[in-house]
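Structure record follows, encoded as structure tokens.
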Amino acid sequence: MSRHVAIVTDSTAYLPARTMERHGITAVPLTVVLGDRALQEGTEISTRALAQALQKRRPVTTSRPAPAVFEETYREVAESGATGIVSLHLSAELSGTYDAAVLAARRAPVPVRVVDTGMIAMALGFCALAAAETAESGGTVDEAVTAAEKRAAGTSAYFYVDTLDYLRRGGRIGAAQALLGSALAVKPLLQLADGRIQPLEKVRTASKAIARLEEIAADRAGSAPVDVAVHHLAAPDRASALADRLRTRLPGLVDLHVSEVGAVIGAHTGPGLLGVVVSPR
């Protein structure tokens, strides 16, 4: 049984399954409540089912994992040979997941450092990868945490939504409420800042908003080595086209991931979401 520092994250990191397996990263699932059914993200509800439910205006909410779920995960990871655990999670401003992990860490059989990355989606995923790569090279818990925090500090996330209604209903819109009065007349661009969803710009049409999203991502990436993720919900053609354009525009591009977000983020953004995560190496 190997002795190592293990990396735990949650299902909103949206890391590819093969990547998680290769780096030994464990993801704890959040829960989507569809009507009266509580379903685990990633295994018990598909993004297609979620999009259909949202389009039919069925009630959809999300909830954090219970501390007991984290306790079980930490115990299993320790039994696999981990001498320490770095547990990296989505912004505490958006979810109680971090708090649940902190409660569970107190009962873990090995030391656990729980980190509020202030990120979500592949912005969180890139942090988990940075920590995992550090651990794989023999890094300590503290060194893995430092690597994740450094990656988070340099990472930016921008996204377009067709409507702010889902964010408003889920209570996740924060300062972007300033856009609500004109939401029907504009297509909003949002950003993740200080762990919260905040307004970035107002654009008149969807096509102009997506073009502007591309410009912002390209400006942020510059020419330095950078990883990028393009996310969407029920908008694969838009996402593929945006990814293709970014490939030609970013001279320092190392890795580019294109993926549909899971049910937790999708429940709060709605179909039509298009997001870009820019994470300098």
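For reference, positions follow the sequence shown, starting with 1. These figures come from a predicted structure and were not determined experimentally.
The side-chain heavy atoms of R212 and K187, taken from C-beta on, include no pair separated by under 4.5 Å. Taking the side chain as every heavy atom from C-beta outward, L192 and L94 approach each other to under 4.5 Å. Residues L124 and D10 form a side-chain contact, since some pair of their non-hydrogen atoms from C-beta on lies under 4.5 Å apart. Looking only at side-chain heavy atoms (C-beta outward), L30 and S63 stay at 4.5 Å or farther from each other. Residues I25 and L129 are in side-chain contact: their nearest non-hydrogen atoms beyond the backbone lie under 4.5 Å apart. Counting heavy atoms from C-beta on, the side chains of L274 and H232 come closer than 4.5 Å. P188 has its side chain within reach of V161: a pair of non-hydrogen atoms, C-beta onward, lies under 4.5 Å apart.
Residue I216 is grouped with residue V228 when hydrophobic side chains (ILVMFWY) are merged at heavy-atom distances under 4.5 angstrom, including chains of intermediate members. A continuous path of Ile, Leu, Val, Met, Phe, Trp and Tyr side chains, each step under 4.5 Å between heavy atoms, connects I7 with M122, placing both in one hydrophobic cluster. Cluster annotation: V278 is connected to L246 through the hydrophobic network of ILVMFWY side chains, with a link wherever side-chain heavy atoms come within less than 4.5 Å. Residues V102 and V77 fall within the same hydrophobic cluster, defined by Ile, Leu, Val, Met, Phe, Trp and Tyr side chains chained together at heavy-atom separations under 4.5 Å. The hydrophobic cluster containing V226 also contains L242, counting ILVMFWY residues as joined when their side-chain heavy atoms lie under 4.5 angstrom apart, directly or transitively.
Side-chain atoms of T83 and H4 form no donor-acceptor pair, as typed in the model, at a separation below 3.5 Å. For the residue pair S279/R151, the side-chain donor-acceptor check at 3.5 Å is satisfied.
By the side-chain contact (heavy atoms from CB on, under 4.5 Å) test, D237 pairs with no residue at all, sequence neighbours left out. Shown here are the side-chain contact (heavy atoms from CB on, under 4.5 Å) partners of S137, two or more places apart in sequence or in another chain: there are none. Under the salt bridge (Lys or Arg N to Asp or Glu O under 4.0 Å) criterion, R64 pairs with no residue at all, not counting sequence neighbours. The side-chain hydrogen bond (donor to acceptor under 3.5 Å, both in side chains) check on D244 picks up R247, with sequence neighbours excluded. The salt bridge (Lys or Arg N to Asp or Glu O under 4.0 Å) check on E72 picks up nothing, with sequence neighbours excluded. With sequence neighbours left out, A92 forms a side-chain contact (heavy atoms from CB on, under 4.5 Å) with Y98, D116. Listed by chain and number, the residues in a salt bridge (Lys or Arg N to Asp or Glu O under 4.0 Å) with R22 amount to none (sequence neighbours excluded).
Heavy atoms only, all atoms of each residue included: A131 and A148 are closest at CB-CB, 4.1 Å. Residues L190 and P199 approach most closely at CD2-CA, 3.9 Å, considering heavy atoms. Nearest heavy atoms, A217 versus V276: CB-CG1, 3.6 Å. Among all heavy-atom pairs drawn from G272 and A235, the shortest one is CA-CB, 4.4 Å. Nearest heavy-atom pair, A239 versus V230, reported as atom, atom and distance to 0.1 Å: O-CG1, 3.8 Å.
Between the S240 side chain and the P236 main chain, no donor and acceptor come within less than 3.5 Å of each other. Under the 3.5 Å distance criterion, the side-chain polar atoms of S91 are matched with a main-chain donor or acceptor of G195. Between the side chain of E79 and the backbone N or O of E76, no donor-acceptor pair lies under 3.5 Å. In this structure, E201 contributes its side chain and L189 its backbone to no donor-acceptor pair below 3.5 Å. Judged purely by atom type and a 3.5 angstrom limit, T19 has no side-chain atom pairing as donor or acceptor with the backbone of L15.
Here ring pair (Phe, Tyr, Trp, His ring centres under 6.0 Å) pairs that include residues 9-30, with residues two or more places apart or in two chains, number zero. Residue pairs meeting the ring pair (Phe, Tyr, Trp, His ring centres under 6.0 Å) criterion with at least one partner in residues 186-226, sequence neighbours excluded, are absent. The ring pair (Phe, Tyr, Trp, His ring centres under 6.0 Å) contacts involving residues 136-160 comprise nothing, where partners must be two or more places apart or lie in separate chains.
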Enumerate donor-acceptor pairs with a distance under 3.5 Å from any side-chain N or O in residues 104-115 to protein atoms, sequence neighbours excluded.
{"unit_1": "R107", "atom_1": "NH1", "unit_2": "E71", "atom_2": "OE2", "d": "3.0"}
{"unit_1": "R113", "atom_1": "NH1", "unit_2": "D142", "atom_2": "OD1", "d": "2.6"}

Extract all donor-acceptor atom pairs below 3.5 Å that involve side chains of residues 250-261 and protein atoms in other chains or at least two apart in sequence.
{"unit_1": "D255", "atom_1": "OD2", "unit_2": "R281", "atom_2": "NH2", "d": "3.1"}
{"unit_1": "S259", "atom_1": "OG", "unit_2": "H231", "atom_2": "ND1", "d": "3.0"}
{"unit_1": "E260", "atom_1": "OE1", "unit_2": "T47", "atom_2": "OG1", "d": "3.0"}
{"unit_1": "E260", "atom_1": "OE2", "unit_2": "A234", "atom_2": "N", "d": "2.9"}

Audit row: T62, H268, side-chain hydrogen bond (donor to acceptor under 3.5 Å, both in side chains) steps and yes/no: CA-CA 9 Å; T62 60; H268 296 291; 2.9 Å; yes

Can V141 and V5 be said to form a side-chain contact (heavy atoms from CB on, under 4.5 Å), step by step? CA-CA 6 Å; V141 165; V5 172; 3.9 Å; yes

Does T97 form a side-chain contact (heavy atoms from CB on, under 4.5 Å) with F70? I'd like the steps, not just the answer. CA-CA 10 Å; T97 300; F70 277 108; 3.7 Å; yes

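Annotation: the span from I120 atom CD1 to E93 atom CD amounts to 12.0 Å, rounded to 0.5 Å. Here the straight-line distance linking atom OG of S156 with atom CG of D219 works out to 11.5 Å at 0.5 Å rounding. In this structure, S95 OG and L90 CG are separated by 4.5 Å, a value rounded to the nearest 0.5 Å. R249 CZ to S223 OG: the interatomic distance, rounded to the nearest 0.5 Å, is 13.0 Å. Rounding to the nearest 0.5 Å gives a distance of 7.5 Å between CZ of R220 and OG1 of T155. Taken to the nearest 0.5 Å, the CZ atom of F126 stands 14.5 Å off from the CG atom of L88.
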